[in-house]
Amino acid sequence: METKAIRGFNDVLPDEIGKWQFVEKTAREVFEGFGFSEIRIPILEKTELFTRGIGEATDIVEKEMYTFTDRSGNSLTLRPEATASMARAYLEHQMYAFDPVAKLYCMGPMFRYERPQKGRYRQFNQIDAEVFGVGNPMVDAEVIIMLIHFLEGVGMGNLELQLNSLGCRECRPRYREELKKFFAGKSAQLCEDCQRRLQTNPLRIFDCKVETCKEAIADAPRVIDFICPECQKHFDQVKEYLAMAGLTYVLNPRMVRGLDYYTRTAFEVVSYSLGAQNAVTGGGRYDNLFQEIGGLDIPGIGFAIGVERLISLLPKEKEFIQVPHLFVAALGEEGYREAYKLVNQLHLQGIRAELDYEGKSLKSQMRRADKLKVRYTLILGENELRQGRVVLRNMEDKSQEEVPIDGLSLLLRSKLLGH
Ligand code: HAM
């Protein structure tokens, strides 16, 4: 067999994991500081949840889902996103009965059968945050503020927050009709998919990447010019709350997002260092999703961050790579016995100590210590041990000192962990 992962599915190797853990830890700290709780949802759901939630005529549902029939004949789908599953969990567990307002976050892999390229994978990870149960524009601004605070917290710069309003159940039908009229006049220019979208869901023509369709889209009517006074008021308030928090944004009337559930506020954070797949985050309000998936009339808003894209923007600093704190080199049988005892003690105190298991020469142990990039090596020689002492070598400046074994772990803790 070929020892290779499936196309579009990636390993995250130990020398990259530091960035992942840093990003995930920062997300937890920031989100929990804003009153969000973690929720863990299954990776598989009934297909219907996504066809109804995301929308039949979207690219995700039409072309990108990993759907299969299980042994009992049920149609199941690997989750392509988390919002619909989180909404399902909120309804299923009647979380609204405790408090109608739920602030939830989750993180993990999503699956979409897209054409893999840089920044676009078939298994990718999202960090997702949602607020269920509040229609107030204050919350729209709050989740955006949290998102930007998080992105700044992981050291992101050079990002642009883009905003749009997609209207609601009241005003969208009029816009839809306008779009239909407009694109019908350009029908010869539209690809086969868009000809179909024109009948089923003309808004989705905006997602098309075909050149001639993109040209047709350029002069299409803008949803923002058709929104009702209620939606306009909502949008104005979101902008006002963002301005109050000192956040800057640009309006992008062409941004319609690729999922059908959005209403009113839609936003993306893009990075111009990312190239074609430049959206680090997408999100927005979805006041009809809950009803679509068979539930109550509950408003919601949230976002999902693409972790691979975010991580590709982080600086390649070495502090993300986890190296052992210390290498323990041993000589002779007694030296090895002491090294074994010591390393186990140090592990219990949170000191990442590494030792040689194969009775190699001191020279070869020192070479390994160098390769592991440890700051210190402890050398346990039989003579020194007999005198109750060991040698501590600073690998950066190559200085050495003899230190007593008594009180060694205290000394190492202060040198290596700073306490
Ligand atoms: P989305 O825009 O489809 O929205 O995805 C959000 C983010 O996931 C994107 O901005 C991108 O960074 C990342 N992403 C999407 N597809 C891929 C891929 N194939 N490879 C790598 N990264 C990818 C949603 O999923 C919504 N559920 C967001 C949301 C939450 N809206 C409201 N709440």
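Values reported hereafter were calculated over all heavy atoms of this structure, with side chains retained and with hydrogens, waters and symmetry mates removed. Order of listing sets the numbers, starting from 1, for every ligand and every atom in it. One-based numbering along the sequence shown.
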of all protein heavy atoms, closest to atom 8 (O) of ligand 1 is Gln126 NE2, 3.2 Å

For a salt bridge (charged side-chain N to carboxylate O under 4.0 Å, His left out) check, start with the C-alpha distance between Glu16 and Lys19, then their side-chain angles and the critical distance, and finish with the verdict.
CA-CA 6 Å; Glu16 301 161 89; Lys19 285 187 183 181; over 6 Å; no

Judged by heavy atoms only, the candidate from Tyr262, Phe303, Phe267 nearest atom 31 (N) of ligand 1 is Tyr262

Closest to atom 28 (C) of ligand 1 by heavy-atom distance, out of Gly284, Gly282, Gly306, is Gly282

Going by the 4.0 angstrom heavy-atom rule, the piece of Arg122 near ligand 1 is neither

Validate the cation-pi geometry between Arg122 and Tyr113: distance from NZ or CZ to the six-membered ring centre under 6.0 Å, angle to the ring axis within 45°.
-> yes

Within the 4.0 Å heavy-atom cut-off, what Tyr113 brings close to ligand 1 is neither

Lys239 with Asp140: basic N within carboxylate O range, under 4.0 Å
no

Numbered in order shown, the ligand 1 atoms found under 4.0 Å of a heavy atom of Glu81 are 25 (O), 26 (C), 27 (N)

**Prompt:** For Asn74, does its backbone N or O pair with a side-chain atom of Thr69 as donor and acceptor, under 3.5 Å?
**Reply:** no

Any heavy atom of Tyr286 under 4.0 Å from ligand 1? The part involved is side chain

Check your understanding: Has Glu130 got any heavy atom lying under 4.0 angstrom from an atom of ligand 1?
Key -> yes

Q.
Before you tell me yes or no, could you show the steps for Asn288 and Arg169 under side chain to side chain donor-acceptor pair (under 3.5 Å), namely the whole-Å CA-CA distance, both residues' side-chain angles and the distance that decides it to 0.1 Å?
A. CA-CA 8 Å; Asn288 305 330; Arg169 231 185 253 142; 2.8 Å; yes

One finds that the ligand 1 atoms under 4.0 Å from a non-hydrogen atom of Gly119 are 20 (N), 21 (C), 22 (N)

In terms of ring plane angle, is the pair Phe31 and Tyr105 parallel, tilted or perpendicular, where the classes change at 30° and 60°?
perpendicular

Atom 20 (N) of ligand 1 has as its nearest protein heavy atom Tyr121 N, 2.9 Å

Ionic contact status for Lys63 with Asp193, cut-off 4.0 Å: yes

Original post:
Between Glu230 and Lys233, is a salt bridge (charged side-chain N to carboxylate O under 4.0 Å, His left out) present by the stated rule, with each step listed?
Top reply: CA-CA 5 Å; Glu230 283 304 301; Lys233 187 170 157 216; 5.3 Å; no

shortest atom 7 (C) of ligand 1-to-protein heavy-atom contact is with Ala304 O, 3.6 Å

For this session: Apply salt bridge (charged side-chain N to carboxylate O under 4.0 Å, His left out) to the pair Lys360 and Glu358, showing each step before the final yes or no.
Result: CA-CA 6 Å; Lys360 294 248 172 79; Glu358 293 171 45; 3.7 Å; yes

Say whether Glu308, considering both its backbone and side-chain N or O atoms, lies within less than 3.5 Å of an N or O atom on ligand 1.
no

the protein heavy atom lying closest to atom 32 (C) of ligand 1 turns out to be Gly302 O, 3.2 Å

Contact region, Met110 to ligand 1, non-hydrogen atoms below 4.0 Å, reads neither

Nearest non-hydrogen protein atom to atom 12 (O) of ligand 1, with distance, is Ala279 O, 2.9 Å

Does Asp287 pair with Arg285 as a salt bridge, N-O distance under 4.0 Å? yes

For Thr281, the atoms of ligand 1 under 4.0 Å from one of its heavy atoms are 10 (O)

Closest heavy-atom pair, Ala279 versus Arg309, reported as atoms and distance to 0.1 Å, is O-NH1, 2.9 Å

Ion pair Glu24/Arg28, N-O distance below 4.0 Å:
no

Counting from 1 in the order shown, the ligand 1 atoms closer than 4.0 Å to a non-hydrogen atom of Leu259 are 3 (O), 4 (O)

- Message: Pairs of nitrogen or oxygen atoms closer than 3.5 Å, one from Pro80 and one from ligand 1: do any exist?
- Response: no

Within 4.0 Å of some non-hydrogen atom of Gly283, the atoms of ligand 1 are 31 (N)

Should Val280 be counted as touching ligand 1, given the test is an N or O pair under 3.5 Å? yes

When distances are taken from atom 19 (N) of ligand 1, the protein heavy atom at minimum range is Glu114 OE2, 2.6 Å

Could Glu45 and Arg79 be called an ion pair, given the rule that one side-chain N must be under 4.0 Å from one carboxylate O?
-> no

Note to self: One thing to verify: whether Arg174 and Glu177 come together as a salt bridge, which I'm taking to mean a side-chain N less than 4.0 angstrom from a carboxylate O.
What the structure shows: no

Q) Does Arg257 come within less than 4.0 Å of ligand 1, judged by its heavy atoms? A) yes

**Q.** Test of proximity, Asp128 against ligand 1: N or O pairs below 3.5 Å
**A.** no

Honestly, for Arg120 the part within reach of ligand 1 (heavy atoms, under 4.0 Å) is both

For atom 14 (N) of ligand 1, the closest protein heavy atom turns out to be Phe124 CE1, 3.5 Å

- Centroid-to-centroid, Tyr96 to Phe132, below 6.0 Å? no

